[in-house]
Amino acid sequence: MKPILKQFLKQFLTAVLLVSVLLTGSAASAGISCGGTALAAENKEPSIKAKTAIVYCATTGEVVWEKNADKQMNPASMTKLMTCLLAIENLDLDHEVEVTKKATEVIPSKIYLQEGEKVTVRDLLYAALLESANDAATALAIETAGSVKKFAKMMNARAAAIGCTGTNFVTPSGLAADGHVSTARDIAQISAEAFGNKTLREIAGTDEYTIPATNKSEERKLENGNLLLKGGTLQLPSGTVTVKKYKGVFGGKTGTTEEQVATMTAGLDCDGLELYAVVMGTTLEKRYSDIRKLLNYGKENVSKYVVFEKGAEFDEAKLKGGATNRVKAAAAEPGYINLPEGASASLITTKTAYEEDLKAPVKKGQKVGTVEIYLADEKVREIDLLAAESIRTGWFLSRFGITNFQTVVLCVMLVLILAFLTGIFTLRAINRKKKQRRRQQKIMEAARRELEREQSMKQRGWPY
């Protein structure tokens, strides 16, 4: 081989190798995408400081990873998610709350509310979720239930309804109290329920907010304590912790106990799947790195598969007493599932179940049944089916399952049958009359001929 050709090949191969290295480096620096394989190190079990943690896919109800997830610990200010959810569900956002003395006595995190100060529910929600203000959370609790004790009962009832089994709330703020405990598993469920509320989700995802001046205070400027939303620095006694923005995080809540034990929950939109990462019993220095590791692990280990889109129509549901005897059923939300690595989409099946004795009238958007999604023989998700149209009450025959259209057809057929029978009877009557007239004519003709014969015989004088 000629020296010039050898030199050319050597340079070409070197260039190809260099480009490959650069592309690999770019892919690694781009981070992890849902279901991707970048950053192989994150495929391993996450190594975190937290004593208890969980990664939960709320869309499918699947636990992606957990560590002592049922261990009871003080949830600290993550408690405020439940407090704010109940306040939103029971109070008007524009309602003005007159702050009580009890609400002003809590410590330490607060916006320094004053007794008799009038603040809207909306402003108190921003204070509780962005600045983790204990006085704002307490004011909301007292306004909602009349007292902190009564509100705690509401909190525990709501937690039980969600499915929490290791939670007992005593305070609305998360300040330490005997028996005030929760678990990483329960906090993940509470987070999913709370961020499922559009108002709470919007507030918790806000970077900054200003509470207008009140009757006892100038305006207050608030900043969100969840640094994953936009990035920032955290000043700690041990030094400065720099936190980078985490793309896809839509909200969360931090918490710190009086002993400086840190907790946190964070929600992430992972290509249409909602992931929640929760850590409890970590340090202030490791809180964000723990959460980031869990979110990375969650993104790497879920893979969205679209079984059907929102609004997809299924078999019609049977209906009684309606203008029609069936109603179109449509999926209330997308049928997204996590398809594990190596699993075939051919293993996915769906099964519909409609409400028994469904009766008209039915309003558009009314639940008429459910569609269950199965992976192999295991049910992985259940989604409501809603009426895709409104069906009014039917006419008198609808009680027998006969639709209005069928009633019209039956009536038309009945009229035609009656008309046909009437026509037949009329024709028969006409024919009978014709036959009678012909018979009478024959009789009259025979009588006339007999009369003429008798007259002829008389004229001839013959008896025959």
Side-chain angles (χ1 to χ4, degrees), residues 22-50 53-58 64-65 67 76-78 81 129-132 184 187-188 191 195 201-209 221-256 260-302 304:
L22 290 174
L23 289 175
T24 302
S26 298
S29 64
I32 298 174
S33 61
C34 293
T37 57
L39 292 179
E42 294 296 348
N43 284 324
K44 300 177 182 179
E45 293 280 317
S47 176
I48 58 174
K49 181 72 174 178
I54 196 169
V55 181
Y56 174 67
C57 181
V64 182
W65 184 84
K67 174 185 177 182
S77 285
M78 292 191 297
L81 289 177
L129 290 172
L130 271 61
E131 290 284 353
S132 202
I187 291 296
S191 298
F195 286 107
R201 191 179 184 119
E202 179 183 351
I203 292 174
T206 302
D207 293 332
E208 298 177 350
Y209 182 78
K221 293 184 177 181
L222 312 176
E223 291 189 7
N224 201 319
N226 179 8
L227 297 182
L228 293 178
L229 291 171
K230 63 175 182 178
T233 57
L234 193 62
Q235 297 296 329
L236 301 174
S238 58
T240 301
V241 174
T242 301
V243 181
K244 293 182 180 180
K245 176 182 178 179
Y246 200 108
K247 185 178 179 181
V249 169
F250 52 79
K253 187 70 191 75
T254 59
T256 308
Q260 299 300 294
V261 177
T263 67
M264 186 173 185
T265 178
L268 173 72
D269 183 348
C270 185
D271 192 26
L273 295 179
E274 280 199 2
L275 295 179
Y276 290 91
V278 180
V279 293
M280 300 175 73
T282 189
T283 64
L284 294 173
E285 292 82 5
K286 294 294 184 179
R287 170 164 52 196
Y288 281 102
S289 62
D290 280 359
I291 280 287
R292 186 174 293 273
K293 288 178 181 178
L294 295 185
L295 291 176
N296 286 348
Y297 183 86
K299 289 173 65 176
E300 182 64 19
N301 287 276
V302 296
K304 185 182 78 172

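When the side-chain hydrogen bond (donor to acceptor under 3.5 Å, both in side chains) test is applied to T233, no partner is found at least two apart in sequence or on another chain. Under the rule for a side-chain hydrogen bond (donor to acceptor under 3.5 Å, both in side chains), the partners of E274 that lie at least two apart in sequence or sit in another chain are R201, Y276. Applying the side chain to side chain contact (heavy atoms under 4.5 Å, CB included) criterion to T283, with sequence neighbours excluded, gives K49, E285, K286. V261 pairs by the side chain to side chain contact (heavy atoms under 4.5 Å, CB included) definition with T257, E259, not counting sequence neighbours. Scored by the side chain to side chain contact (heavy atoms under 4.5 Å, CB included) test, A50 finds I48, V279, T282, D290 as partners (sequence neighbours excluded). Shown here are the side-chain hydrogen bond (donor to acceptor under 3.5 Å, both in side chains) partners of T242, two or more places apart in sequence or in another chain: there are none. Residues meeting the side chain to side chain contact (heavy atoms under 4.5 Å, CB included) test with L227, sequence neighbours left out: L234, V243, Y288. By the salt bridge (Lys or Arg N to Asp or Glu O under 4.0 Å) test, K304 pairs with D271, sequence neighbours left out. Listed by chain and residue number, nothing satisfies the side-chain hydrogen bond (donor to acceptor under 3.5 Å, both in side chains) test with N224 (two or more places apart in sequence, or in another chain).
Within the structure, the salt bridge (Lys or Arg N to Asp or Glu O under 4.0 Å) test picks out the following pairs touching residues 226-252 (sequence neighbours left out): E208-K230.
Counting only distance, with no hydrogens or angles, the side chain of E131 and the backbone of E223 share a donor-acceptor pair below 3.5 Å.
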Let me have the donor-acceptor pairs involving side chains of residues 249-256, under 3.5 Å, with sequence neighbours excluded, atom names and distances please.
residue : atom : partner : partner atom : Å
K253    : NZ   : S132    : OG           : 2.9
T256    : OG1  : R287    : NH1          : 3.4

